[in-house]
Every structure is written in structure tokens, then in C-alpha cells.
Amino acid sequence: MKLSVISVGKLKEKYLKQGIEEYLKRLSSYADVQMVEVTDEKAPETLSEADINDVKRKEGERILSHISRDAYVITLEIGGKLLTSEQFAAKLDELATYGKSKMVFVIGGSLGISQDVQTRSDLAMSFSRLTFPHQMMRLILLEQIYRAFRIMRNEPYHK
Ligand SMILES: C[S@@+](CC[C@H](N)C(=O)[O-])C[C@H]1O[C@@H](n2cnc3c(N)ncnc32)[C@H](O)[C@@H]1O
């Protein structure tokens, strides 16, 4: 299975880098996982609604340039669909079974995901109604993908 995780901005925190490396290592036995970073736009504290949409649109164009036509796109959105880890594992299994071997996960920038990216999304998935930092979401997502593979293979890990 070919998975890519598209996120916005360069990962800065060392503790997140280490966690991500660990889960990429664990995932390497199950899937080919590619991490893609697109350049972020400057987002000062005081932005108008129009400025916010402009930032998201520009970041969104960069995200879309990395998504092929045949990819199944899962956007991470706070207001998206809430799944259990078992349901998420079943979803990945179903996609693999029906030949959707190219999956793209999209994590928005600090202001979120553009309308155009939302339109391209096949599934908007929420990890709860809480807001997590976009850089931390990379680690949380990789851990859940790893958990999903362990569940799919009936291997110990998930409790
Ligand atoms: C800081 S959040 C953006 C907050 C922005 N106000 C919004 O509503 O999207 C950055 C990104 O992290 C991801 N994210 C944060 N919390 C999430 C959650 N609970 N579920 C799914 N994705 C989340 C989303 O991809 C989001 O675009």
C-alpha cells in the first residue's frame, strides 16, 4: 500500500521529529509511507477573513499539486467524521481490497484546509472535536495508521 501524508510547513520540534521517525520505521513493514511538506504562508495573528482564505487557498494549491487523479484523499478536519480505531482500520482494509492502493492524507496548516482541498477530499476525518497543533497531527496520524495495520493483521498492540 502506498500512503502519503501531505502537511504544511517544515517540522521544527525535535521531539515530534523523533516520534515521527519511530512510527515511520514501524510502518515500513506494512506500507510505503511518504511524508510531503508544502511551504506555508505567513499567517500573522491579525488577519481578515479574506486574508485567511487567501492563505488557505495558496497552501491548498500546493497541496493539490501533490495529489494524483487516482488517489483516495482523506483530509483531517476537526468537523469531519469521527471513527473508532477499528473503523479506521476497516476503512483502510476496504480501500486496499477495492484497489485504492494510493491513499493521501492531508493535514491543514495553522489556519486549516482550503475549500478546494475539501472539495477534492473523499473522506473528511476527525480525530475529535478538539484542536491539535498541525505539526503534532502528523505524529498522531502516523500512530493511528500503525495501529490500524496492527488491527488489520490481528497483531497485538491495540487494546
Ligand atoms: C491548528 S489546526 C487548524 C485549525 C483551524 N481553525 C481549523 O478549524 O481547521 C491545523 C490542522 O490540524 C488538523 N487537525 C487539528 N485538530 C484536528 C482534529 N481534532 N481532527 C482532525 N484534524 C485535526 C487539521 O488538518 C487542521 O487543518
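Both ligands and their constituent atoms are indexed starting at 1 by order of listing.
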Contact check, Met125 vs ligand 1, heavy-atom distance below 4.0 Å:
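Contact present.
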Take every heavy atom of Gly109, measure it against each atom of ligand 1, and state whether any distance is under 4.0 Å.
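Contact present.
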Is any NZ, NE, NH1 or NH2 atom of the basic residue among [X] and [Y] found under 4.0 Å from an Asp or Glu carboxylate oxygen of the other?
| X | Y | result |
| --- | --- | --- |
| Glu21 | Lys25 | no |
| Lys91 | Glu94 | yes |
| Arg57 | Glu41 | no |
| Glu59 | Lys56 | no |
| Asp40 | Lys42 | no |

Show the atoms of ligand 1 that are less than 4.0 angstrom away from any heavy atom in [X].
| X | result |
| --- | --- |
| Leu130 | 16 (N), 17 (C), 18 (C), 19 (N) |
| Ser126 | 20 (N), 21 (C) |
| Gly112 | 3 (C), 9 (O), 27 (O) |
| Leu111 | 5 (C) |
| Ser110 | 1 (C), 3 (C), 4 (C) |

Looking only at distance, does Gly108 have an N or O less than 3.5 Å from an N or O of ligand 1?
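Among all N and O atoms of Gly108, at least one is under 3.5 Å from an N or O of ligand 1.
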Looking at ligand 1, does any of its N/O atoms fall within less than 3.5 Å of an N/O of His134?
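Not met; the criterion fails.
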Just checking, is any N or O donor in the side chain of Gln118 or Glu77 under 3.5 Å from an acceptor N or O on the other one?
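Glu77 and Gln118 do have a side-chain donor-acceptor pair below 3.5 Å.
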At what distance, to the nearest 0.5 angstrom, does CG of Leu95 lie from CG of Asp122?
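Nearest 0.5 Å value for the CG-CG distance: 8.5 Å.
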